[in-house]
Each structure stands twice: as C-alpha cells, then as structure tokens.
Amino acid sequence: MFAKFASIVIVAVSALSSGVFAAAIPSASTDLVVRGGVHSFDNYGGYQSLSGFDNFYGSNNFDNSQFSESSITIVKEQELVCHSQSIEIIQQRLLVLQEMAKRIITEQVCEVETQTVVFEQFHSSLHGFSRDLRRFSGRGVGYDSGIASHFSSFYNSDGSLSTSDFGFSGHDLGSSYVVPTGSNWNDAHSHVSVNSAYSAARSAVTKF
C-alpha cells in the first residue's frame, strides 16, 4: 500500500472594517520582511505564532521549491508496485487529507493571519508534486515514507489532535524516498497525454 498526497484548494477571503478588532491587530508592519533579498516570515506582522517559521524549509524557500533530486535518498529495500483502485476510493482518501489539514489549521492555530500563511505554504508546496507527475522536476514520482509514517500519530487516545513533536523539519523531506513502480508512463507519448490531462483538469477549476 502506498500513499499519494494531493490537495483541493479552498481559499477563504475575509475583510475587517476599519476599527473592528483593532486592539487584536499588532502594531508592527505586516509587509513581508526582505533581508538581503531573502523573504522571511519569522514574526511576520508581529505575530509570535510565526516565530521560527523560516526554520522549517529555510529562508526564501516558502513553498519548498528548492527541493530537488539531490535531496532524495531512495529507499531501495521498499520496492512498491502501484495497484489501481476505483477513483471514488482515491477521492475519499484525498478528501480525508483535505479535511485533516483544515482541522489542524483551525484547531491548532488561533491567529487568522498565521492560518492564512501556513495554509498558503501547504497548498503551494504541493505544486512540486504536480511537476513530479508531469516529469518536469527531474525527481522520481514518489513520497517520503518516513514522514508519511507519522500519519498514525495524528491523534491522542481520546481522539483529540496530537501536539507531540514528530522530530523532523522540511529539510528532512526526501531522506526516505519511495518511488512506486507499475504506472503506465511511457516516454514516447506520456508527456503529451499527461499535459493534456493537466490542461483539462486546470480548465475545470473554478476561479474563486
């Protein structure tokens, strides 16, 4: 069995009228801090909940776009072959992942500004997997089995969300990489057919 990760984008836009909740808004500037050409979200807007934000992937690597083939260590002993399931089964599981992401963000982050920043990081980082699927990134199409294994640790015994530190950062992504085999990819024609499928899917996306 193997895991595939994807996300369905839901963008919520909220507006505060002038003066409303003014006391809750930090006086510090909310402009993105640029230090020597490096974008930083550490303490963005004066929000303590964003302290150390850049440590996860690194400064100027908001969406983990610097993740490359050189970051990957293939786990040779974990040879997996994909086995197709009905599309509804796949969609069910991806919807569970979507709702889990929303639960984590809304239950474990209280500042709406931080909720917005961390969701946009989560969403934009998935674009790398889209490039993997279309064979644009140079990486094998797979996932980090070590990081994926923590999914079973999401909950406490009472069903509440765990707050334990899993002991890794974004820098560890790729250290236990598994690339399932058995797909129908063919170098002769799949570039065209996959890009056609991508264009068709993107054209179906509602513009919020």
Kindly compute the distance separating OH (Tyr155) from OG (Ser160), expressed to the nearest 0.5 Å.
-> 10.5 Å

Could you state the interatomic distance from CG (Asn64) to CD (Gln121), rounded to the nearest 0.5 Å?
-> 8.5 Å

Heavy-atom closest pair, residues Leu161 and Gln108 = CB-NE2, 3.4 Å

Between Glu113 and Tyr47, a side-chain donor and acceptor under 3.5 Å | yes

Under 4.5 Å between side-chain heavy atoms, hopping through other hydrophobics if needed: is there a path connecting Tyr143 to Val75?
-> yes

Nearest-0.5 Å distance, CD of residue Gln91 to CD of residue Gln85 = 13.5 Å

Geometric cation-pi criterion, Arg139 with Phe67: 6.0 Å, 45° | no

Classify the side-chain pair Asp54/Ser40 by whether it contains a donor and acceptor separated by less than 3.5 Å.
-> yes

Here the pair of heavy atoms bringing Asn43 nearest to Ser51 is OD1-CB, 3.4 Å

Decide whether Val192 and Trp185 are clustered together by the hydrophobic rule: side chain heavy atoms of Ile, Leu, Val, Met, Phe, Trp, Tyr closer than 4.5 Å, transitively.
-> no

Could you state the interatomic distance from CG (Asn184) to OG (Ser190), rounded to the nearest 0.5 Å?
-> 5.5 Å

Treat each ILVMFWY residue as a node, draw an edge where side-chain heavy atoms are under 4.5 Å apart, and state whether Leu173 and Phe154 are in one component.
-> yes

Which of these, Phe56, Tyr57, Phe41, sits in a side-chain contact (heavy atoms from CB on, under 4.5 Å) with Phe62?
-> Phe41

Return the orientation label for the His150 and Phe168 ring planes: parallel under 30°, perpendicular over 60°, tilted otherwise.
-> tilted

Around atom CD of Glu88, are there more than 12 heavy atoms of other residues, nucleotides or ligands at under 6.0 Å?
-> no

Would you give the length of the straight line joining atom CG of Asp172 to atom OG of Ser169, rounded to the nearest 0.5 angstrom?
-> 4.5 Å

CG on Asn186 to OG on Ser193, rounded to 0.5 Å | 8.5 Å

Phe166 and Ile147: same hydrophobic cluster, using ILVMFWY side-chain contacts below 4.5 Å?
-> yes

Non-hydrogen atoms of Ser176 and Gly146 that approach each other most closely = CB-N, 3.8 Å

Single-linkage hydrophobic cluster, 4.5 Å side-chain cutoff, Ile104 and Phe151 together = yes

For Val141 against Val179, the heavy-atom pair lying closest together | O-CG1, 3.5 Å

So which heavy atom on Ser175 is nearest to which on Asp144, and how close?
-> N-OD2, 3.2 Å

Closest contact, heavy atoms only, Gln115 versus Ile105 | NE2-O, 3.6 Å

